[in-house]
Number of protein chains: 2
Amino acid sequence: MATIRDVAKEAGVSIATVSYVLNNTKHVSEETRRRVLEAARKLGYRPSNIARGLRARRSHALGYSWRPMPGGEINVILDTFLESMAIAAARHDYHIIAYPTTTESDEVQFYRDLVEAERVDGFVLSNTNYDDPRIRFLLDAGVPFVAFGRSNPDWDFPWVDVDGAAGMRKAVEHLVGLGHTRIAFIAWPEGSLSGEERLRGYLEGMEAAGLSIDEAWVLRGEMRHEVGYEAARVFMRLPAARRPTAIIAVSDLMAVGAMNALADMGIRVGHSVAVVGFDDIPMARYLRPPLTTLRQPIADIGEKVIDMLMKHLAGEEPEQCHVLVEPELVIRASTMPDT
Amino acid sequence: MATIRDVAKEAGVSIATVSYVLNNTKHVSEETRRRVLEAARKLGYRPSNIARGLRARRSHALGYSWRPMPGGEINVILDTFLESMAIAAARHDYHIIAYPTTTESDEVQFYRDLVEAERVDGFVLSNTNYDDPRIRFLLDAGVPFVAFGRSNPDWDFPWVDVDGAAGMRKAVEHLVGLGHTRIAFIAWPEGSLSGEERLRGYLEGMEAAGLSIDEAWVLRGEMRHEVGYEAARVFMRLPAARRPTAIIAVSDLMAVGAMNALADMGIRVGHSVAVVGFDDIPMARYLRPPLTTLRQPIADIGEKVIDMLMKHLAGEEPEQCHVLVEPELVIRASTMPDT
DNA sequence: AGCGTTGGGTGAAACGTTTAACCGATCGGG
DNA sequence: CCCGATCGGTTAAACGTTTCACCCAACGCT
């Protein structure tokens, strides 16, 4: 494997000149520049990332860790998110170290290890929440990072997030446009930032439409199919005048639970009762009926996150460090009565 | 950040001694050993991975790349696979660099880059196929790697794979046990190694049960929902005497297509016609009816792959370098007439 | 003419480890 | 008693870069 010394000898210059040419970091004459480039090409030289990192104190790697979904559920965005990040990072000659964290205690420990062993120059976080210990640690340690998701409002750090509230407002608006007035909502337990955002969007949407909300229309539960299933059954057992004609779930998985409950009760989804989810999981379009849902622009977010992080690492102040993107309402048959 | 020199000074020894103690690579007296460990602990020292790598010519990282699923489909195993690999690798102080490759041409280029820039010590491959250019390259370049999946029989390299044929034999056996004799199969186009394996399992299973196969019972097509949908329609249009009472699909996605086609034709899945898939995608258990399918032990495979790769990197000869694991048949209502 | 400046290039230090070579002291065997 | 081996430790070279300090020649300006 050719080193910078081989290239220097081949081109008849010093190793310093080779370095300057290759990094474009100092002016050299066109003639020598050409010779160096030619020599490097001929020898198939590429700088050793390790040696480069030692001197420049840069590993040229970014860490991304996620929490495995509870209950063995699949992380539907991981695939797309990793892909978009890796491609964006590659443009800056950076790579992504991927790591799932299990318990919350070793979560912070993992970040500390990676930083102290100089394995990464920065981090991407996702699934953030209030009082997120990872964010607290990274802020305290002064390690560059960008989060996909928000946290405490008084913590100042760069993030990109999906506007779940706006998404849910869109969903309500869509249902109201179809004539629904009694719309129920299946939420997550309190304490989830994104969960509360989505709930807020529902409440605001209802208010904007001038609709009052029956207290029985909001149920909370863990992110599980069964929870959606049970919630729908409870809704349908309400007296006719209070019974919802549409159900919005905070996630597709729970929406599927609701759809299955309705089907088991002999209620036609879409025709009699509309259902809306959130995520656009791959299966959503193949469900019977296909599920209306909110799609997060994951690929855009991955790219944006990396761009912001690269700016951060380069020491530049990014023009915007809080980015809120709107999810897209994908309308399918689960909210279309005429199919 | 404390360096090895700080620790040496604190413990009153040379940096060499510190290194020997920390790496357990030479015998030192119990007394000094204790002092060094104490000093390291006190200063919160951890060796810089970069510096260590430069000298030892090791990056302590492994590369894993996958191809994004065609047609925007999700990679259902990525999540679990990455997780199990990262955990297994961490036990050896190794990390995983994740990278999706897009076109086949830059696929090999990506491997070359990573090797030449000394960013990784070895690779994990998945989605392998006949004449896989990545395998060819890595073999030629002498780079350590372990594959999840097989390739040309005359290429000698370590791999772990799921025995798709055995899985399909199990599926056939299960259906035969339920009284089915006319069983159809939805396959992938020719040229896919795992696809042909699964088809072979179906053929063998049928033969073992003494059942003859109508040529109309095997249809091929791309990995798409629509393909499964159309195939099921074709099967159901056969004259009653030749019409299958059970359909096995080479993947869950195509099985879902078949299920939807049957439902749209007013045929009760599970009751009238049984359907079996392959993968156990997360949604499989929530489908109506829930889908009988073959589950690959992904977590075990991830761990096994890393263990083999670590052995390989350590220069030890692994006791077994070809591992074939059987998928598990998960029986659900799509093949149970009595629900 | 003298002098600062600029363009184009070199020499060598530094980054933080690992490890080969070496060294003194102690000890056991012939 | 002497020689080789062993134990416990040190010195210093090496890994392949980046980059600071410096140098020389040419040049423009007073």
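Throughout, protein chains are lettered first and strands after them, A, B, ... in sequence-line order, and every chain is numbered starting at 1.
Residue contacts for B:Thr17: at a heavy-atom cut-off of 4.0 Å it reaches a base atom on one of the strands shown. Among the heavy atoms of the strands lying under 4.0 Å from A:Arg5 is at least one base atom, whether or not backbone atoms are also near. Within 4.0 Å of B:Thr25, counting heavy atoms only, lies no atom of the nucleic acid at all. Residue A:Ser29 is classed as a sugar-phosphate contact, given heavy-atom separations below 4.0 Å to backbone atoms only.
Summarising the geometry, the separation between CD1 on A:Ile4 and C1' on C:dG11 is reported as 14 Å, rounded to the nearest angstrom. Between the CG atom of A:Leu54 and the C1' atom of C:dT18 there is a distance of 12 Å, rounded to whole Å. Rounded to an integer number of Å, the gap from CD of A:Glu31 to P of C:dG9 is 9 Å. At whole-Å resolution of the value, CD in A:Glu30 and P in C:dG9 are 10 Å apart. Taking atom CG of B:Asp6 as the reference point, atom C1' of C:dT17 lies 13 Å away to the nearest angstrom. A straight line from CD of B:Glu118 to P of C:dT17 spans 18 Å, rounded to a whole angstrom. The distance between atom CD of A:Glu116 and atom P of C:dT17, rounded to the nearest whole Å, is 12 Å. Taking atom CD1 on B:Ile15 and atom P on C:dT17, their separation rounds to 8 Å, with Å as the unit.
At C:dG8, none of the side-chain N or O atoms of A:Thr32 fall inside 4.0 Å of OP1 or OP2 (strictly under the cut-off). An OP1 or OP2 oxygen of C:dG8 is reached within less than 4.0 angstrom by a side-chain nitrogen or oxygen of A:His27.
Mapping A:Tyr20 and A:Thr3 onto DNA chain D by nearest heavy atom places A:Thr3 closer to the 5' end of the strand. Residue whose closest nucleotide on DNA chain D sits further toward the 5' end, between B:Gly12 and B:Ala51: B:Gly12.
When the C1' atoms of four end pairs are superposed on the next four at each end of the helix from C:dA1-D:dT30 to C:dG30-D:dC1, using five pairs per end, the two resulting axes differ in direction by 50°, to 10°.
Of the possible donor and acceptor atoms, one in the side chain of B:Ser151 sits under 3.5 Å from a partner among the backbone N and O of B:Asn129. The main-chain N or O of A:His60 is found under 3.5 Å from a side-chain atom of B:Arg119 such that the two form a donor-acceptor pair.
Residue-to-nucleotide contacts include a donor-acceptor pair under 3.5 Å from the side chain of B:Arg55 to the base of C:dT18. Judged by atom type and distance alone, A:Lys26 reaches the base of C:dG9 through a side-chain donor-acceptor pair under 3.5 Å.
Legend: residues meeting side chain to side chain donor-acceptor pair (under 3.5 Å) with B:Gln296, ordered by chain and number and at least two apart, are B:Asp279.
In summary, the side chains of A:Ser59 and A:Asp121 do present a donor paired with an acceptor at a separation below 3.5 Å, with no hydrogens or angles considered.
No option in B:Asp307, B:Val305, B:Leu125 other than B:Val305 meets the side chain to side chain contact (heavy atoms under 4.5 Å, CB included) test with B:Val146. Remark: of the listed residues B:Phe137, B:Phe123, B:Tyr99, B:Phe123 is the sole one forming a ring pair (Phe, Tyr, Trp, His ring centres under 6.0 Å) with B:Tyr111.
Using cut-offs of 30° and 60° on the angle between ring planes, the pair A:Phe81 and A:Tyr64 is perpendicular. Ring-plane geometry between A:Phe157 and A:Phe145 is classed as parallel, the angle between the planes falling under 30 degrees on a 0 to 90 degree scale with a further cut at 60.
Checked for salt-bridge contact, A:Glu31 and A:Arg35 meet the test: a charged N lies under 4.0 Å from a carboxylate O. Taking 4.0 Å as the cut-off between side-chain N and carboxylate O, A:Arg91 and A:Glu303 count as a salt-bridged pair.
Of all nucleotides in DNA chain D having an atom under 4.0 Å from a heavy atom of chain A, the first and last in 5' to 3' order are D:dG16 to D:dA21.
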